[in-house]
Amino acid sequence: METIHKQIEIDGVIQDVEIRVEVTHYMHVPAWEGNPYNCPSDLDYTGYTELSYNIVDTVILTDDGEQSVNIPIDSQLESEIYSELLVRAASYRDQGLDDEPLVYVKY
């Protein structure tokens, strides 16, 4: 489970929010280093990353604790979540902390 901290405007007020997500799939294939004619596909030649996740919960952090809240996940927020998860997953891979849903493929 990953927790992403954001400040989001809710009903005209800037709130500190935690978005709790579960990474269900992560796979990174770096760019092909061998002979281009032996590469399995064009995607493998340039390399790619796949990431899937589910938002488990969103909470507002208050002085009294936390309160579950439904926040609208627009395309900008979704992009920010996705980008942050990519960076974290790559960091875990580099530290040798791969989890089961994290996969790193190197030919």
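Side-chain atoms are counted along with the backbone in the values below, which use heavy atoms only and exclude waters and symmetry mates. For the single chain, residues carry numbers from 1 onward in sequence order.
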query: Would a distance-only check, ignoring hydrogens and angles, find a side-chain to backbone donor-acceptor pair under 3.5 Å from Thr24 to Ser52?
result: yes

Heavy-atom nearest pair, Asn35 first then Tyr37, reads OD1-N, 2.8 Å

Rounding to 0.5 Å, atoms OG (Ser75) and CD (Glu80) come to a distance of 10.0 Å

Q. Between Leu85 and Ile4, is a side-chain contact (heavy atoms from CB on, under 4.5 Å) present by the stated rule, with each step listed?
A. CA-CA 9 Å; Leu85 289 174; Ile4 297 173; 4.2 Å; yes

query: Within a reach of under 6.0 Å around CG of Asn70, are more than 12 heavy atoms found that belong to other residues, nucleotides or ligands?
result: no

Scanning both residues in full, the closest heavy-atom pair of Tyr26 with Val23 reads CB-CG1, 4.3 Å

In short, Tyr45 meets Cys39 closest at the heavy-atom pair N-SG, 3.3 Å

Distance col, row Leu86:CG vs Thr49:OG1, nearest 0.5 angstrom, shows 6.0 Å

Tell me whether Leu61 is reachable from Val17 by hopping between hydrophobic residues (I, L, V, M, F, W, Y) whose side-chain heavy atoms are closer than 4.5 Å. no

Exercise for review: Give the intermediate values and the outcome of side-chain contact (heavy atoms from CB on, under 4.5 Å) for residues Ile71 and Leu77.
Suggested key: CA-CA 10 Å; Ile71 59 171; Leu77 182 55; 4.2 Å; yes

To the nearest 0.5 Å, atom OG of Ser83 lies from atom CD of Glu78 at 10.5 Å

dist Asp57:CG -> Ile19:CD1 (nearest 0.5 Å) comes out at 10.5 Å

Value for CD (Glu66) from CG (Asp16), rounded to nearest 0.5 Å, stands at 12.5 Å

(Q) Counting C-beta onward and ignoring hydrogens, is there a side-chain heavy-atom pair between Gln15 and Ile8 closer than 4.5 Å? (A) no

- prompt: Given the rule in the side-chain contact (heavy atoms from CB on, under 4.5 Å) test, do Tyr53 and Tyr82 qualify, once you have shown the distances and angles that lead to the verdict?
  reply: CA-CA 8 Å; Tyr53 65 92; Tyr82 186 85; 4.2 Å; yes

To the nearest 0.5 Å, atom CD of Glu18 lies from atom OG1 of Thr58 at 10.5 Å

